[in-house]
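Shown next, in C-alpha cells, is the structure this report addresses.
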Amino acid sequence: MPIINRIAAYADDLTAWRRDFHEHPELGFEEVRTSKIVAEKLREFGVDEVVTGIAKTGVIGVIHGKHDGQGRAIGLRADMDALPILEETGLPYASKTPGKMHACGHDGHTTMLLGAARYLAETRNFDGTVYLIFQPAEEGLGGGREMVKEGLFSRYEMERVYGMHNWPGIPEGVFAWREGPVMAAAAQIDICITGRGAHGAQPHNGNDPIVIASQIVTALQTIVARRVDPNLPAVLTIGQIVAGDTYNVIPQQARMKGTARWFQPKVGDQLEQGVLRLVRGIAESFGASVEVEFRRTYPATVNDVEATTLARRAAEAVAGANAVRHMDQPTMGSEDFSFMLNEKSGCYIMLGGGRGRENEPMVHHPAYDFNDSLLPIGASYWATLVEQQLAKG
C-alpha cells in the first residue's frame, strides 16, 4: 500500500489547511483558534466523538471501526503550538502575528492527523478504536504532561500511542526510526547574578556581574568536557545573557538562561550538580550573590521495541523499504511526547522533509517552512498504522 489514493486526492485541501494554520500561529495553551478549527473539522468528517478542553486547548477525536475489535485501540498524537519567533520566510502565507511563527512544523503535524481523521472516518476499514490526540503546548510548556495528568490514558484506554515529527535534515519522504532513546531529556537553567553597579570608568567601585557571568559560561563547559563520561551524550548550552543598558555603566545584575540535555539519569544528575556547584562557587568567589535554578522539563523519549517494529511496517507500506531508515544516533532535541511514552508503550518516528537545498533552514529557524509534499505521506502513514494494527478480524 503506497500513499493512499483517497488521501492524495485531497492534497490541495491539506495544503490549504496547513497554510491557514501557518498564517495564524498560536503559542502553547493559547491554541484557541487552532483547536476550534480542529474540532470543527473532526465533526465535519463524522468522527464519533470530539472532546475539547483537555489540557486547556487540547482536542481528542474518537473514531470507531466497523466492529469493536474486542476493545482494541491505539492513539495518534500531533502537536499544535507555534514558537515565539519573528518569521523571515517572505511567503504569501507567512505569519500574520508578528513574533509568533510555526517554525517547527506543528502546523503540518496537525494537518497530517486531520487528513488521516478524514480518511479513517470515511472508510472505517478497521476494527476497534483510534484516538486522535491533538496536543497543545509542546514547546517547553509540557502540554503532553498536562494531558496525561488530566487522564488521557485512564479516560481513553489504548494499547499504544504514536507520534511523528517532520525533519528537514532527512530527504523528503524518508522515514527514520530508532528503538530505545530517540530524543533527549531536557532541563532549563536560570541564573541571576547580583553584583554592584558602578560607572564604567570606575570599575573598582562596583562588582561587575558581566565579568562573573563570563567566567560562569566558560566554567560550565568543563562539566561535559571533564565530568561526564565521554561515551555518554550530554549537552550544556547558555543561550541568553542579559545585562546592562548602555556603554559606560556597570549593571547591578546579569541574567542567564540555558539548557541541558542527556539520556541517562546519572548524567542528568551530574549536569545538575555541576551547574549548581560551579555557579554558586564562582559567584561567591567574586563576592556576588546568585540565584540558580536547574529545572528538569522533559524526560528522554524512549521508543518501545515492539511498537517501533509496527511503526516501521506501516512506514514501509507507505514509502517502501528503501525509504525507511535506521537512525544511528538519537537527537539531542527534546520532546514532551516522552510523557506519553512514560505511561504507554509506543513509538516516535521522523518523516524527512528535506528539499535538497543548500543551507536549508532547520526547525526553529525564522526561515523554516514545512514541506507540504509530506502532508499526504504523513496522513497515509497514520491511516496505514491504524489499518494494520487494528486489522479487521
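- Put simply, the side chain of Ile216 reaches to within 4.5 Å of the side chain of Ile193, judged on heavy atoms.
- Other residues, nucleotides and ligands place no more than 12 heavy atoms under 6.0 Å from the CD atom of Glu157.
- Criterion: ILVMFWY side-chain heavy atoms under 4.5 Å apart, direct or through other members. Under it, Val62 and Leu152 are part of a common hydrophobic cluster.
- Between Glu122 and Arg118, at least one side-chain N (NZ, or NE/NH1/NH2) sits under 4.0 Å from a carboxylate O, which counts as a salt bridge.
- In this structure, Thr129 OG1 and Tyr156 OH are separated by 12.0 Å, a value rounded to the nearest 0.5 Å.
- For the atom pair OG1 of Thr110 and CG of Asp79, the computed distance is 6.5 Å after rounding to the nearest 0.5 Å.
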Verdict with supporting geometry, Asp269 and Arg296, salt bridge (charged side-chain N to carboxylate O under 4.0 Å, His left out): CA-CA 10 Å; Asp269 293 341; Arg296 301 187 189 218; 2.8 Å; yes
Verdict with supporting geometry, His199 and Asn205, side-chain hydrogen bond (donor to acceptor under 3.5 Å, both in side chains): CA-CA 8 Å; His199 193 292; Asn205 290 329; over 6 Å; no
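- Hydrophobic clustering places Val324 together with Val318 (ILVMFWY residues linked when any side-chain heavy atoms are closer than 4.5 Å, directly or through intermediates).
- Judged by distance alone, the side chains of Gln388 and Arg313 do bring a donor and an acceptor atom under 3.5 Å apart.
- The closest side-chain donor-acceptor pair between Gln253 and Thr194 falls under 3.5 angstrom.
- Residues Tyr381 and Ala311 approach most closely at OH-CB, 3.3 Å, considering heavy atoms.
- Put simply, CH2 on Trp382 and CG on Leu132 are 10.0 Å apart, with the number rounded to the nearest 0.5 Å.
- The list of ring pair (Phe, Tyr, Trp, His ring centres under 6.0 Å) pairs with a residue in residues 49-103, not counting sequence neighbours, reads His22-Tyr93.
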side-chain hydrogen bond (donor to acceptor under 3.5 Å, both in side chains) between Glu335 and Tyr298, intermediate numbers included: CA-CA 7 Å; Glu335 166 60 68; Tyr298 295 169; over 6 Å; no
Stepwise salt bridge (charged side-chain N to carboxylate O under 4.0 Å, His left out) check, Lys100 with Glu30: CA-CA 12 Å; Lys100 298 180 184 179; Glu30 299 175 5; 3.5 Å; yes
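- Between Asp328 and Arg178 there is no side-chain heavy-atom pair separated by less than 4.5 Å.
- Proximity of Asp245 to Pro251: side-chain heavy atoms (C-beta onward) are nowhere separated by under 4.5 Å.
- For the atom pair CD (Gln240) and OG1 (Thr259), the distance works out to 13.0 Å, reported to the nearest 0.5 Å.
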Val217 vs Met256, side chain to side chain contact (heavy atoms under 4.5 Å, CB included): CA-CA, chis, key distance, verdict: CA-CA 9 Å; Val217 171; Met256 308 165 65; 3.5 Å; yes
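- Residues Ile133 and Leu351 do not share a hydrophobic cluster, clusters being chains of Ile/Leu/Val/Met/Phe/Trp/Tyr side chains in contact below 4.5 Å.
- For the pair Met183/Ser338, no side-chain contact is recorded, criterion being any heavy-atom separation below 4.5 Å from C-beta on.
- Using modelled atom types and a 3.5 Å distance limit, the side chains of Asp81 and Gln135 yield no donor-acceptor pair.
- Checking side-chain atoms of Asp304 against main-chain N and O of Ala307 turns up a donor-acceptor pair under 3.5 Å.
- Considering only heavy atoms from C-beta on, Glu293 stays 4.5 Å or farther from Ile189 through its side chain.
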Worked check of side chain to side chain contact (heavy atoms under 4.5 Å, CB included) between Leu232 and Lys266: CA-CA 10 Å; Leu232 301 176; Lys266 69 175 183 179; 3.6 Å; yes
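- When atom types are taken as modelled, the side chain of Ser334 and the backbone of Ala184 share no donor-acceptor pair closer than 3.5 angstrom.
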Salt bridge (charged side-chain N to carboxylate O under 4.0 Å, His left out) between Arg43 and Glu40, worked out: CA-CA 5 Å; Arg43 294 187 184 103; Glu40 287 173 350; over 6 Å; no
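- The local environment of CD in Gln202 is crowded, with over 12 non-hydrogen atoms from other residues, nucleotides or ligands closer than 6.0 Å.
- Of the residues listed (Asp107, Asp369, Asp12, Asp372), the one engaging Arg19 in a salt bridge (charged side-chain N to carboxylate O under 4.0 Å, His left out) is Asp372, and it is the only one.
- Residues Asp190 and Arg295 meet the side-chain proximity criterion, which asks for heavy atoms closer than 4.5 Å.
- One distance of note links CE of Met101 with CG of Leu86; it measures 9.0 Å at 0.5 Å rounding.
- Between Arg77 and Tyr162 there is no side-chain heavy-atom pair separated by less than 4.5 Å.
- At least one donor-acceptor pair under 3.5 Å links the side chain of Lys344 to the backbone N or O of Met158.
- For the 3.5 Å distance criterion, the side chains of Glu87 and Ser95 fail to qualify, holding no donor opposite an acceptor.
- In this structure, Glu159 pairs ionically with Arg72, as a charged nitrogen and a carboxylate oxygen lie closer than 4.0 Å.
- In this structure, Arg312 forms no cation-pi arrangement with Phe175, as its terminal cationic atom is not both closer than 6.0 Å to the ring centre and no more than 45° off the ring axis.
- In this structure Glu306 satisfies the salt bridge (Lys or Arg N to Asp or Glu O under 4.0 Å) test together with Arg160, sequence neighbours excluded.
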Residues Met147, Phe339; criterion side chain to side chain contact (heavy atoms under 4.5 Å, CB included); working and verdict: CA-CA 9 Å; Met147 292 193 97; Phe339 290 105; over 6 Å; no
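- Both Leu341 and Ile60 are part of a single hydrophobic cluster, where members link through side-chain heavy atoms under 4.5 Å apart.
- Side-chain contact between Leu42 and Phe134 is present, with heavy atoms from C-beta onward closer than 4.5 Å.
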Side chain to side chain contact (heavy atoms under 4.5 Å, CB included) between His106 and Phe370, worked out: CA-CA 9 Å; His106 297 185; Phe370 182 90; over 6 Å; no
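- At a threshold of 4.0 Å, the pair Arg124-Asp48 counts as salt-bridged, since one of the basic side-chain nitrogens sits closer than that to a carboxylate oxygen.
- Atom CE in Met164 sits 10.0 Å away from atom CD1 in Ile377 (nearest 0.5 Å).
- Under a 4.0 Å N-O distance rule, the pair Glu360/Arg355 qualifies as a salt bridge.
- Cluster annotation: Val38 is not connected to Ile54 through the hydrophobic network of ILVMFWY side chains, with a link wherever side-chain heavy atoms come within less than 4.5 Å.
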Tyr119 vs Glu387, side-chain hydrogen bond (donor to acceptor under 3.5 Å, both in side chains): CA-CA, chis, key distance, verdict: CA-CA 11 Å; Tyr119 169 84; Glu387 291 182 347; 2.7 Å; yes
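- Glu23 places no side-chain N or O within donor-acceptor distance of the main-chain N or O of Lys96, the cut-off being under 3.5 Å.
- A donor-acceptor pair under 3.5 Å links the side-chain atoms of Glu26 to the main chain of Arg33, judged by distance alone.
- Among Val279, Ile241, Ile212, the one residue that satisfies the side-chain contact (heavy atoms from CB on, under 4.5 Å) test with Ile191 is Val279.
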